[in-house]
Amino acid sequence: MGTVLGCIADDFTGASDLAGLLARSGYKVNLRIGTPASPPENTAAFEVIALKSRTSPVDQAVTEAGAALAWLQKAGATRFFWKYCSTFDSTDKGNIGPVAEALMADLNTDQTIYCPAFPENGRSVFMGNLFVGELPLAESPMKDHPLTPMRDSNLMRLLAPQTTRPIGLANRHCVAQGYNSLQTRLNELKKDGIAHVVIDAVTNDDLLTIAEACRNMPLMTGGSAVAMPLPALYAADGLLSEDTETRSTPFIEGGMIVLSGSCSSMTRKQVAAFSRKADCFQLSPLDLADSGPQQARDWLASRSKTSTPMIYATAEPDEVRLAQEKLGVEKAGEIIESAFAQLAIDARNHGRRRFVIAGGETSGAVVKALGVSELTIGDEIAPGVPWTYTTSNGQDIALALKSGNFGAESFFSDAFSKLDS
Ligand SMILES: Nc1ncnc2c1ncn2[C@@H]1O[C@H](COP(=O)(O)OP(=O)(O)OP(=O)(O)O)[C@@H](O)[C@H]1O
Ligand SMILES: O=C(O)[C@@H](O)C(=O)CO
């Protein structure tokens, strides 16, 4: 039996989040960085391809997703999952809708679902509105995101400028009545020509109902949590030939480092907490634009191999706005990401082997720079953030790719303690 579920994620932290949640089932999950150039081999029942396309131009994101789909189809998959952020990170020119429509066309299917809910991380959807904790998305710190400020909480309205076909809702009352009620609602909406169905979910039980009702759709879309029940459902359907496996966590020796390019409110707290015990260097986009990353590189080179330094660009919203006004939004992001890419290579060349990276775009820049093509999923540090293992330049390394808003305040220390336990 080949791949049962083929997943395409729009960023690297999102891909490791999804792979980690699927891996909770014990079934093998492969996490590929970008679409492999060679035909599928050593495939798993669950394949996840990480793209760095969240903020790419639409045409590029659609082309990259199409190539990932074609590879996953060659691997044998007939069901697909399009993973985006649990806070629906996108703009009016965003890629969530266009990629979904392109995948639907390739798969010749008339309907898909949208469910970014992730109850373990406080994301819920009610009457089509996304909440972060108790706050509507547009009132949460996501309103100040550097690249995708979220200023509306209603998923139907957010999707409208990104799609060409009708959008509808299957609300919580329907989901709470269970699988049959949801299937009936989806069929009614399909008869009415509704291609894009936002589905409410507040609890993991809601997500189970949704996964049960949608598990055989050619395309599901959402955050990672709605995919989490799928392995057990496919196993019950007799679709999985292999047994579950116990994961072994390799011991990676060598120095540690934290690289943080996320400016989310949780990352800001994590950086503040870790800076009380770590040796730190703050990257300034304006200084980088003037004189490049040499100062940071020299600072890193002079750290003791046994210390755990943290380099961060993480800043308060006002500081971010100031840099963006001076440099432009894209340029500010790019300058920082390319500095992190260089610093990650330096860190590896200095013998550092255990990396905690905060932020999806930041993780994308670092993982690409380290020349990684695949990640093995290890133990979860916090919901949606597993340790992952790979090789870079012939060296075994461990990487934790932390989504901006995930993890407790003590996450960076928690991550390293987990490796030693
Ligand atoms: N001080 C700063 N000024 C301007 N831009 C910044 C600053 N610090 C970081 N950035 C940029 O902001 C973006 C943050 O995005 P990133 O995806 O890394 O974090 P995130 O969105 O919080 O994480 P996730 O996508 O996992 O939720 C990056 O492009 C980064 O380079
Ligand atoms: O869904 C989430 O919140 C994360 O996996 C993510 O996509 C962060 O970039």
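Nothing fancy with the numbering, it's 1 onward along the sequence.
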Could you tell me whether a side-chain N or O of [X] sits under 3.5 Å from a main-chain N or O of [Y], the two making a donor and an acceptor?
X	Y	answer
Asp200	Asn171	no
Trp82	Ile96	yes
Ser140	Leu135	no

| request: Over 60° means perpendicular and under 30° means parallel, so classify the ring planes of Phe118 and Phe406, tilted if in between. | output: perpendicular
If I compare all heavy atoms of [X] with all of [Y], which pair ends up nearest, and what's the gap?
X	Y	result
Thr362	Gly261	OG1-CA, 3.3 Å
Cys7	Leu18	CB-CD2, 3.6 Å
Arg165	Thr109	NH1-O, 4.3 Å
Ala400	Trp387	N-CZ3, 3.4 Å
Trp299	Pro309	CH2-CB, 3.6 Å
Thr3	Leu5	CG2-O, 3.4 Å

Is it the case that [X] and [Y] place a side-chain donor and acceptor less than 3.5 Å from each other?
X	Y	answer
Ser392	Arg348	yes
Glu139	Ser153	no
Gln342	Asp346	yes
Ser260	Ser262	no
Thr203	Asp205	no
Ser264	Thr267	yes
Asn129	Asn154	yes
Ser224	Asp17	yes

| message | Would Lys83 and Asp10 count as a salt bridge (Lys or Arg N to Asp or Glu O under 4.0 Å) here? Give the steps. | response | CA-CA 6 Å; Lys83 158 74 176 71; Asp10 70 350; 5.3 Å; no
I'd like to know if [X] pairs up with [Y] as an ion pair, taking the criterion as any Lys NZ or Arg NE/NH1/NH2 lying under 4.0 Å from an Asp or Glu carboxylate oxygen.
X	Y	value
Lys52	Glu337	yes
Arg185	Glu188	yes
Arg54	Asp89	yes
Asp237	Arg215	yes
Glu380	Arg24	yes

Answer whether the closest heavy-atom distance between the side chains of [X] and [Y] falls below 4.5 Å.
X	Y	value
Leu283	Leu343	yes
Glu361	Leu147	yes
Pro136	Leu130	no
Pro386	Ile381	no
Ile397	Tyr389	no
Asn42	Lys28	no
Lys143	Met150	no
Ser265	Asn405	yes

| task | Verify whether the ring centers belonging to Phe416 and Phe412 lie closer than 6.0 Å. | result | no
| message | Under 6.0 Å between ring centres: does that hold for Phe340 and Tyr312? | response | no
| query | Above 12 or not: heavy atoms from other molecules or residues under 6.0 Å from CD of Gln294? | reply | yes
| task | Could you list all the ring pair (Phe, Tyr, Trp, His ring centres under 6.0 Å) pairs where at least one residue sits in residues 146-204, not counting sequence neighbours? | result | Tyr114-His196
| task | Establish, for the pair Arg79 and Tyr234, whether the NZ or CZ atom is under 6.0 angstrom from the six-membered ring centre and no further than 45 degrees off its axis. | result | yes
| query | Atom CG of Leu401 and atom OG of Ser16: how far apart are they, to the nearest 0.5 Å? | reply | 4.5 Å
Atom pairs and distances, donor-acceptor, side-chain atoms in residues 367-374, under 3.5 Å, two or more places apart:
unit_1	atom_1	unit_2	atom_2	d
Glu374	OE2	Arg32	NH1	3.2

| query | When you look at Tyr84 and Ser90, which way does the side-chain hydrogen bond (donor to acceptor under 3.5 Å, both in side chains) test go after all the steps? | reply | CA-CA 9 Å; Tyr84 40 79; Ser90 57; over 6 Å; no
| request: Check the pair Lys402 / Gln270 against side-chain hydrogen bond (donor to acceptor under 3.5 Å, both in side chains), numbers first and verdict last. | output: CA-CA 11 Å; Lys402 190 199 79 74; Gln270 291 161 342; 2.9 Å; yes
